[in-house]
Amino acid sequence: MARIVQKYGGTSVGDVDRIKNVARRIKAIRDAGNELVVVVSARAGVTNELIARAKAVCPEPSEREMDQLLSIGEQETIALTAMALHGCGVEAVSYTGAQAGIFTDKVHTKAKIKTINAAPIERDLKAGKVVIVAGFQGINEEGHITTLGRGGSDLTAIALAAALKAKCEIYTDVDGVYTADPRVVKDAQKLDEISYDEMLELASSGSKVMQSRSVEFAKKYDTNFEVRSSFNQNPGTLVKEEVAYMEKVVVRGVAVDKDQAKVTVSDLRDEPGSAAKVFRALADASIIVDMIVQNVGHDGLADLTFTVPLVDSEKAARTLKPVLQQGGGEVSVTGGIAKLSVVGVGMKTHSGVAATLFEALAANRINIQLITTSEIKISVVIGLDRADEAARIAHGAFELGK
Ligand code: ADP
Ligand code: ASP
Ligand code: MG
């Protein structure tokens, strides 16, 4: 008998038939004698629909009210999944994030999980029930509903698996983690395994198969998890601690992030403390900054360019305006960009990865606007219109297809 946390994503519970399909899968695992906690997402499209409705009534909705609203998507699915299980004779009980004891900090729309009180779930498991938990949501110490950022049901599942010392399985609409998004790169290959660090870099670079914060959490608590399909029984991809032989592969995968914007702060005073002021203000507004480039100063002034998530770009400009009014400088936001990244732990021990990537892009006349590197990743900003093509080019340049 094993204790398993399974997570089913939005497409897997996309309609009534799919919810019934998930219930049948759960019943089979339960009948084999396993203890089961099931995390479900909102039906595919529901979260986006709710966001669109919020924007239709108010262009800049309050983040607290956003969380009140978005949490209902998952609340629908937990109840329907529990009912579907009752329908096939399985004892099951559904819990919202708060009822499941998931306590978060106060940051609405991207809260962090602080603690989990697993006692209620433990009690139900002991009583032989399947426990269905709403993904993507928790409660803060003041009793307000919070959400964990887009794709946050992954985080709910991994955090519950860590708290309950359970095996973790993430069920989605593809067979596992591929060398690139299989919907964009037709010859992308499914990986049997991948290290936490590589998965983290791919996820934070736009591979939306896993939420990046969930991978961060899994690495921190060394919670292995498997990504696999809810539509078949194929083995998936195991995400785990890095082992020596993984370094033999130089590039494990390619990712594209189309949800980024470029922010330029021009004519900033070229003196100690200028950059600090800019990034402190953005940090205090909970805006995640990536790919920072500062050009060589001229006449005592410097330009600073960085990328932020597209959804936060207007907020970034708004946040910086008063800061720059005191210290000098202008802020501008540019959309229409994408970030292309190649990732692999083998980069630590191999040279020439940047040269290969840049040559492949150059041969196809794709212009590079910004570059950053980490020990296991190279990222470039390019035009949005060439993003998918660039992913295929990079995938081919590193011979990741068959
Ligand atoms: P879920 O609703 O189950 O959470 P998501 O839509 O969030 O599913 O993530 C699954 C999708 O991620 C796939 O349909 C695929 O198009 C996309 N994807 C992007 N990059 C990758 C990759 N490297 N491997 C697998 N899927 C990827
Ligand atoms: N429903 C949420 C979203 O669409 C959370 C999730 O699906 O993981 O982002
Ligand atoms: Mg997802």
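As the structure lists them, so they are numbered: ligands from 1, and atoms in each ligand from 1.
- Residue-environment remark: CZ (R280) stays at or below the threshold of 12 foreign heavy atoms within 6.0 Å.
- Residue contact annotation: G152 has a non-hydrogen atom under 4.0 Å from ligand 2.
- A donor-acceptor pair is defined here as one N or O able to donate and one able to accept, closer than 3.5 Å; such a pair exists between the side chain of Q137 and the backbone of G97.
- Distances below 4.0 Å separate heavy atoms of D173 from the following atoms of ligand 1: 10 (C), 11 (C), 13 (C), 14 (O).
- Of all the heavy atoms of K7, the ones lying under 4.0 Å from any atom of ligand 1 belong exclusively to the side chain.
- Note on D175 versus R228: no salt bridge recorded, every NZ/NE/NH1/NH2 to OD/OE distance being 4.0 Å or above.
- Every atom of ligand 1 is numbered from 1 in the order shown, and the set under 4.0 Å from a heavy atom of G176 is 24 (N), 25 (C).
- The protein heavy-atom contact nearest to atom 9 (O) of ligand 2 is R150 NE, 2.7 Å.
- Remark: ligand 1 and T179 share no N or O pair separated by less than 3.5 Å (distance only, no angle test).
- Checked against a 3.5 angstrom limit, the closest N/O atoms of T47 and ligand 2 fall inside it.
- Annotation for ligand 2: atoms under 4.0 Å from non-hydrogen atoms of G151 are 3 (C), 5 (C), 6 (C), 8 (O), 9 (O).
- For K315, the NZ atom counts as densely surrounded, since its 6.0 Å shell holds more than 12 non-hydrogen atoms of other residues, nucleotides or ligands.
- For ligand 2, none of its N or O atoms has an N or O atom of G149 under 3.5 Å away.
- The shortest separation from a heavy atom of Q211 to ligand 2 is not under 4.0 Å, leaving the residue out of contact.
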- request: Check the pair T146, T104 against side-chain hydrogen bond (donor to acceptor under 3.5 Å, both in side chains), reporting the backbone distance first and the verdict last.
  value: CA-CA 7 Å; T146 52; T104 73; 2.8 Å; yes

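- In this structure, the protein non-hydrogen atom closest to atom 2 (O) of ligand 1 is G10 N, 3.0 Å.
- Not a single donor-acceptor pair under 3.5 Å links the side chain of R18 to the backbone N or O of G10.
- Side-chain polar atoms of Y171 and E169 form a donor-acceptor pair below 3.5 angstrom.
- At least one donor-acceptor pair under 3.5 Å links the side chain of Q211 to the backbone N or O of L148.
- Side-chain N or O atoms of S274 include none that pairs as donor or acceptor with a backbone N or O of D270 at under 3.5 Å.
- Under a 4.0 Å criterion applied to the non-hydrogen atoms of F136, ligand 2 contributes the atoms 2 (C), 5 (C).
- Scanning the protein heavy atoms around atom 26 (N) of ligand 1, the nearest turns out to be V209 CB, 3.5 Å.
- In terms of polar-atom proximity, defined here as any N/O pair under 3.5 Å, K7 makes no such contact with ligand 2.
- Atoms of ligand 2 lying under 4.0 Å from at least one heavy atom of S41, given by number and element, are 6 (C), 7 (O), 8 (O).
- At the shortest separation from atom 15 (C) of ligand 1 among protein heavy atoms lies D181 OD1, 3.4 Å.
- Across Y171, Y178, Y8, heavy-atom proximity to atom 23 (N) of ligand 1 is greatest for Y178.
- In terms of protein heavy-atom proximity, atom 3 (O) of ligand 1 is nearest to T172 OG1, 2.7 Å.
- Residue contact check: V177 has heavy atoms under 4.0 Å from atoms 24 (N) of ligand 1.
- Taking atom 6 (C) of ligand 2 as the reference point, the nearest protein heavy-atom neighbour is S153 OG, 3.4 Å.
- Residue contacts with ligand 1: P182 is included, with a non-hydrogen atom under 4.0 Å away.
- Considering backbone and side-chain N/O atoms, R183 comes within less than 3.5 Å of an N/O atom of ligand 1.
- Between F279 and F306, the two ring planes are perpendicular [angle over 60°; tilted spans 30° to 60°].
- Residue contacts with ligand 1, taken as heavy atom pairs separated by less than 4.0 Å, involve K208 via backbone and side-chain atoms alike.
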